[in-house]
Protein chains: 2
Amino acid sequence: MTLSTAFMDTGHDHANCMESALDRASALCGERGVRLTPLRRRVLELVWVGHKPLGAYEILDTLKAERRGAAPPTVYRALDFLLQHGLVHRIESLNSFVGCPDPLKPHGGQFLICRSCGLTAELNDHRIDQAIRNSANQAGFAVGRPMIEIEGLCPYCRDAGEGSP
Amino acid sequence: MTLSTAFMDTGHDHANCMESALDRASALCGERGVRLTPLRRRVLELVWVGHKPLGAYEILDTLKAERRGAAPPTVYRALDFLLQHGLVHRIESLNSFVGCPDPLKPHGGQFLICRSCGLTAELNDHRIDQAIRNSANQAGFAVGRPMIEIEGLCPYCRDAGEGSP
DNA sequence: CTAAAAATGTTACAATATAACATTATAGAC
DNA sequence: GTCTATAATGTTATATTGTAACATTTTTAG
Ligand SMILES: [Zn+2]
Ligand SMILES: [Zn+2]
Ligand SMILES: [Zn+2]
Ligand SMILES: [Zn+2]
């Protein structure tokens, strides 16, 4: 995902976007010899539905309508699996989860989160990462996993003048 | 706070460090016409004690031993006040709170958090901020409040070989 | 002193997350 | 195919983090 397409344009074919994300997930799990079960696949699908972070209990509410014994462990275990394999990220500032568009290479995650509509885009800008590493190194700190969550306004909400009225 | 002193050295006079933080807080509240009550001052003192993030219920446990009717709202209200005035920051990835060494100028917060000992340092590196703004601008995103929390190893734990054995 | 405002006390509950153990489904050995 | 080990899910209970709502006390200002 390049910078200029961090936020999908309005003509974005979302059905195809979601399907290809699920296909990539399926392939990745196949290569790693782990199982993308129907439950895990469904949870992944749900976090991909809106390109916006979803809370565990929002996911649970949907699952409850679809499965007999859905309970918190149901969704948290699926999310743990998806997190372990880089298929979703956890957004710490929202206690929520969002699909990762590029699960193959391990990375922390740089997120642009719209405060108006919730739309979230993932960056992976090496310049940001480098700036952080430079600064941390000067402090004598060994960087593990940088977490970057930037609240603000997405292009659509910004242009619509949202977020302050 | 300059980069090279992000983590205090071992000879760090912590009693003095904490006292001066409280004095700065007192002065700031005076200038703003708001009250740094004994409760608020005590909570601020507690988050400063260890230079490491403290959970609300950890603070509450201490307060309970000192005051009659300490309950969750007691500590959350004090923290809300301190957050509003920039005297503490919330560390989202830990659901915890840490004192701000520079409450005068508003800022998001760039944190280096040791996964071994919990020691946390606050950076405010304009280059990181600039890298983020550049990248977000290219995505058409209007940056509000960037949040940066970097997990890793502080200089002492790194040198002691902690964090992986 | 008195009234308004601010701060704190108190009770109850909401939202998020995990522990522990039982059951079911899957994969591989035979 | 059957059996067995493992992985996944079901189920119940509970831990952790955070708020709502209203009562009481303290502080400020007239
Ligand atoms: Zn990602
Ligand atoms: Zn938006
Ligand atoms: Zn700060
Ligand atoms: Zn450390």
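The basis for the numbers below is simple: all heavy atoms, side chains too, and nothing from hydrogens, waters or symmetry mates. Here is the naming used below: chain letters follow the sequence lines, and residue numbers restart at 1 for every chain.
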Think B:Thr37 has a side-chain N or O under 4.0 angstrom from the OP1 or OP2 of C:dT8? yes
Where each residue is assigned the nucleotide of DNA chain C containing its nearest heavy atom, which of B:Arg35 and A:Phe97 is assigned the position nearer the 5′ end? B:Arg35
Would you call the rings of B:Phe7 and A:Phe141 parallel, tilted or perpendicular if under 30° counts as parallel and over 60° as perpendicular? parallel
Please tell me if A:Arg90 has a side-chain N or O lying less than 4.0 Å from either OP1 or OP2 of C:dA17. yes
For the pair made of CG in B:Asn95 and C1' in C:dA15, what is the distance, rounded to whole Å? 12 Å
Would you call the rings of B:His51 and B:Trp48 parallel, tilted or perpendicular if under 30° counts as parallel and over 60° as perpendicular? perpendicular
Atom CD of A:Glu58 and atom C1' of C:dA17: how far apart are they, to the nearest Å? 15 Å
Measure the distance from CG on A:Leu94 to P on D:dG18 and round it to the nearest whole Å. 14 Å
Spacing of A:Gln84 atom CD and A:Leu79 atom CG [to the nearest 0.5 Å]: 11.5 Å
Rounded to the nearest Å, what distance is computed from the NE2 atom of residue A:His85 to the C1' atom of nucleotide D:dA7? 12 Å
Rounded to whole angstroms, how far apart are CG on B:Leu39 and P on C:dT10? 13 Å
Measure CD1/B:Ile59 against P/D:dT16 and give the value in whole Å, please. 16 Å
dist B:Leu28:CG -> B:Asp23:CG (nearest 0.5 Å) comes out at 12.5 Å
By centroid distance (under 5.5 Å) and plane angle (under 30°), are B:Tyr57 and D:dT17 in a stacked arrangement? yes
What nucleotide among C:dT16, C:dT18, D:dT19 has an atom nearest to a side-chain atom of B:Pro73? D:dT19
Look at the side-chain heavy atoms of Ile, Leu, Val, Met, Phe, Trp and Tyr, link any pair under 4.5 Å apart, and say whether A:Phe111 and A:Ile128 land in one connected group. no
Quick one: on DNA chain D, does A:Phe81 or A:Gly69 contact a more 5' nucleotide (nearest heavy atom)? A:Phe81
Tell me whether the side-chain N/O atoms of B:Arg77 come closer than 4.0 Å to OP1 or OP2 in C:dA6. no
Round to the nearest Å and state the distance from B:Glu66 atom CD to C:dT8 atom P. 15 Å
Taking atom C1' of D:dT16 as reference, at what distance in whole Å does atom OH of A:Tyr76 sit? 11 Å
Using a cut-off of strictly less than 4.0 Å, decide whether A:Arg40 has a side-chain nitrogen or oxygen near OP1 or OP2 of D:dA8. yes
